[in-house]
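Shown next, in structure tokens, is the structure this report addresses.
By convention in this document, chain letters (A, B, ...) are assigned in the order of the sequence lines, proteins followed by strands, and residues within each chain are numbered from 1. Note that this is a predicted model, so its numbers are computed, not measured.
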Amino acid sequence: MRIALLATCLADAMFPDVAAATVTLLQRLGHQVVFPQAQTCCGQMHVNTGYFAEALPIVRHHVQTFEAAGVDAIVAPSGSCVGSVRHQHAMIARKGGDDGLAAAATDLSARTYELSELLVDVLGITDSAAQLGSYFPHRVTYHPTCHSLRMLRVGEKPLQLLSTVQGIDLVELPGADQCCGFGGTFALKNPDVSTAMLADKMAGIIASRAEVCSAGDSSCLMHIGGGLSRMRVGVRTVHLAEILAATKESAPAANPASTTATGNVGAAR
Amino acid sequence: MTTFLGIPRRSRPSGHGMGHNGLPDSPLRGHTSFPDAARSAVGNTQLRRNLGNATATIRAKRAAVVGELDDWEALRDAGSAVKQQVMARLPELLEQLEAQVTARGGVVHWAADADEANRIVAGLVENSLQPGDAREAVKVKSMATQEIGLNEYLEERGIEAFETDLAELIVQLGGDTPSHILVPAIHRNRSEIREIFLREMPDAPADLSDEPRRLAMAAREHLRRKFLSAKVAISGANFAIAETGTLAVVESEGNGRMCLTLPETLITVMGIEKLLPTFADLEVFLQLLPRSSTGERMNPYTSLWTGVTPGDGPQNFHLVLLDNGRTNALADEVGRAALHCIRCSACLNVCPVYERAGGHAYGSVYPGPIGAVLTPQLTGIDGHDDPNASLPYASSLCGACFDACPVKIDIPSLLVELRGRVVDADRDRTIPGGWDAAMRAASWVMSSGKRFTAAEKAMKAGRVLAGKKHKISSLPPPLSAWTTSRDLPEPPRQTFHQRWRAEHGSSDDAPAPGGEPR
Ligand code: SF4
């Protein structure tokens, strides 16, 4: 398949290892990866903050960029950005009076997948160790991010992928379905409630006695990891893509864009 | 500047007098913005424990009883469809209700706003009292009368309104305001309740303990006397059936039933959106409501009444139909979904923001997720300093409310829609706010690949900020809102764009992968 990577602006700028791990996975499966270099952002921050008019040119740019790529599928290592593509792009186009763009956005969104969706539903991964060579000998807990859970309904897919990684000790996260408190600009507009939610999420992570907290969204991980780092909890955050891309051969390289400065165990590059 | 939220501006909700900021002092509007009010609530450890325990208990109960039904999703669809139909046919159904109630001996009154409703009710109470009667009325728990501030209005006119719902009584005796639409005293624990009873209830036994049963018995003693002496009862309604003119109140304690049956006069204040077209529709809603609200299969008391029955129950029945901003919300195709709400409170109980901030932080009798969409629609938003302008942002958009809502109100999408209106209402400001400027700049950057990569280069500066610790722990305002509780990682040496360019040059295509597909 010819698959385009939607790196997401946050992973692109702050967590390039997450985007790179996504590419690695697809290439390992023999797919042709395309990275449309004109890509920027899905516009979700603007939409969710109420700046619809400002989101319109971003949505238009996204649609034009990925239409031009001529691919079978588009994948993003983010439930939230895929949620925005699927549930908001056409709405923003319609609000802007551009029905043509709305139709194109709907068309494109049907080919846009969150990583675990693409791997399980489209590429048929049932055993990460056997099919992807995934090896990650660590105690890991998984936080299902709200948009992957409730907007995309990815359900058990990420857990299915993680549980078949060789060497992993996957442990349950107490209160897993509770929001971590990130919420985009919510974290800045309502910092106190956001932090209170984060505190409870961290308590769950600590109770799980995991050494790594994983998720499918770099944004929520940046928030959770930022709290864990501040509290010197000694738990680091690693994106799902990086765990799946890690192999026996991949050297424990630099800390995989973990937002915590504790520990130094690598995932694949 | 007022946000335009609908086409025909029928009425503006009103309270009495003006509060701080020159804004009306109304049960639908507080004095502080949500983030400010939430700041102190989050620091209140007692409140956090009380709310955390209570919401966790209700959540678990609800999940258990909802899980029992195989057709729960079909029921939600049915509930949503009925409510959509009600909103589409509201004028016609209201007239049908009026005709049916009138034909069965009731009197229907129409109130455009809170003031008018309060005036009507006060007049009706006055007319029902004989000289020498105690100037009082008993009340069934009702959100509509909270919304219009009826108790305060009556009090100003020397009429005492006694709340008979246990939790509402606790709130009233404590001189407090409700913080939850179903469990108004959810912010109190039992030792606090014991203290309130001992302080405010003259007939409370001196040796009252904080055992729930003892507390309930003390309240029961206290209330029984009121039920037997009161001439007038005031209630709300959960449902009104247009087809038959039947009103319904759903409750747990039986105190509502006492009020609905013992006094001579019954006055019901009901929001105009509470209609159901036919009696058969109750089948759907009497399954949805108790499971969603108290986590019970069936609530203990469901009272239905139709007009007046000679020799049985109240002999005078008045129905006050309240608009108070509802037609504004109705005129708005997106916003009208908020009127589908049956006030079950499931969205409050599952909301992580409500659980930490508590109901009072919303400044409205309608707190939580539904309050954050309903309140600003009912009141309109008066400029960016209006505390209600902050309500649509009082959510992380996690979506738990939408999943829990028995009538499938897509609250997150409604919140986003309202955020758009808050922003648009401010567009004619001569000096754009900080957010406006930042969002415009970001839009310009993110709508071009070239500008985006150029901007990413500038992020390198963050590496200097991060220094030897490889993380950023303090930033100036407004970004300090992040760094007060969270570190930021050091920006990477290379962005993914730069990495790709280094490996593949200007080509978007990676070289075809070698080896066979696995
Ligand atoms: S919005 Fe839905 S969940 Fe919330 S109180 Fe209303 S009916 Fe219940």
Side-chain angles (χ1 to χ4, degrees), chain A residues 7 9 11-14 16 19-20 23 27-41 43 46-52 54-55 57-58 61 65 69 131 146 150-151 178-179 181-183 186-193 195-198 222-223 226-227 229-230 257 259 261, chain B residues 34-35 38-39 42 352-353 356-357 392-400 402-403 416 419-423 435 439-440 442-443 446-449 452 456 459 469-471 473 478 481-482 484-489 491-492 494-497 499-501 506 508-510 512-513 515-518:
Chain A
C9 62
D12 192 299
M14 293 298 288
V23 172
Q27 290 185 332
R28 218 177 270 167
L29 291 167
H31 297 287
Q32 169 71 46
V33 178
V34 181
F35 178 68
Q37 290 191 52
Q39 69 180 270
T40 57
C41 162
H46 285 86
V47 180
N48 282 353
T49 314
Y51 290 82
F52 302 158
E54 286 78 2
I58 305 177
H61 179 76
T65 303
Q131 291 167 283
C146 299
R150 302 193 186 88
M151 260 180 145
Q178 296 287 305
C179 176
F182 172 64
F186 174 77
L188 298 175
K189 284 186 175 262
N190 280 285
D192 295 273
V193 180
T195 299
M197 290 160 70
L198 172 60
M222 180 171 81
H223 170 74
S229 164
R230 175 62 54 87
T259 47
Chain B
F34 182 83
R39 184 166 305 124
V42 160
V353 175
R356 272 102 191 159
Y393 293 92
S395 165
S396 65
L397 304 179
C398 81
F402 184 17
D403 273 8
V416 169
R419 291 176 186 187
R421 301 196 192 173
V422 170
V423 168
W435 279 99
M439 287 290 167
R440 266 173 225 164
S443 168
M446 287 172 165
S447 49
S448 143
F452 180 72
E456 278 191 327
M459 288 195 47
K469 280 190 280 176
H470 303 292
K471 62 182 179 185
S473 298
W482 180 273
T484 47
S485 59
R486 292 151 288 215
D487 289 339
L488 261 187
Q494 266 187 330
T495 67
F496 186 74
H497 263 94
R499 199 185 281 187
W500 184 274
R501 213 177 166 79
S506 58
D508 286 356
D509 281 34
E516 287 303 300
R518 293 208 197 194

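The line from CZ of A:Phe186 to OG of B:Ser395 is 7.0 Å long, rounded to the nearest 0.5 Å. Distance check, rounded to the nearest 0.5 Å: CG of A:Asn190 to CZ of B:Phe34 gives 5.5 Å. To the nearest 0.5 Å, atom OG1 of residue B:Thr495 and atom CD of residue B:Glu456 are 4.0 Å apart.
Looking at B:Trp482, the atoms closer than 4.5 Å to chain A (heavy atoms on both sides) sit in the backbone and in the side chain alike. Heavy atoms of A:Glu54 lying under 4.5 Å from chain B belong to its backbone as well as its side chain. Contact annotation for B:Asp509: both backbone and side-chain heavy atoms come within less than 4.5 Å of a heavy atom of chain A. With a 4.5 Å cut-off on non-hydrogen atoms, A:Val23 touches chain B through its side chain but not through its backbone. In this structure, the portions of B:Met439 lying under 4.5 Å from any heavy atom of chain A include both its backbone and its side chain. For B:Arg39, the parts lying near chain A are the backbone and the side chain together; criterion is any non-hydrogen pair under 4.5 Å. B:Val416 touches chain A through backbone and side chain together, each having a heavy atom under 4.5 Å away.
Note: A:Ala196 leads A:Gly227, A:Ala196, A:Cys9 in heavy-atom pairs under 4.5 Å with chain B. Interface summary for chain B: among A:Ala19, A:Ala38, A:Gly43, the most heavy-atom pairs under 4.5 angstrom belong to A:Ala19. For the options B:Ala357, B:Pro478, B:Pro392, B:Ala400, heavy-atom pairs under 4.5 Å to chain A are most numerous at B:Ala400. For the options B:Ala394, B:Ser448, B:Ser506, B:Ala38, heavy-atom pairs under 4.5 Å to chain A are most numerous at B:Ser448. In terms of non-hydrogen atom pairs under 4.5 Å with chain A, the most contact-rich of B:Arg419, B:Gln494, B:Arg501 is B:Arg419.
Remark: A:Pro36 engages A:Ala4, A:Val34, A:Gln39, A:Thr65, A:Phe66, A:Ala69, B:Asp508 in a side-chain contact (heavy atoms from CB on, under 4.5 Å) (not counting sequence neighbours). With sequence neighbours excluded, the residues satisfying salt bridge (Lys or Arg N to Asp or Glu O under 4.0 Å) with A:Arg230 are B:Asp487.
A pairwise comparison of heavy atoms in A:Pro191 and B:Ala481 identifies CB-O, 3.7 Å as the closest pair. The nearest pair of heavy atoms linking B:Val42 to A:Asp192 is CG1-O, 4.0 Å.
Ring orientation note: the planes of B:His497 and A:Phe35 are nearly perpendicular, at an angle over 60° on the 30°/60° scale.
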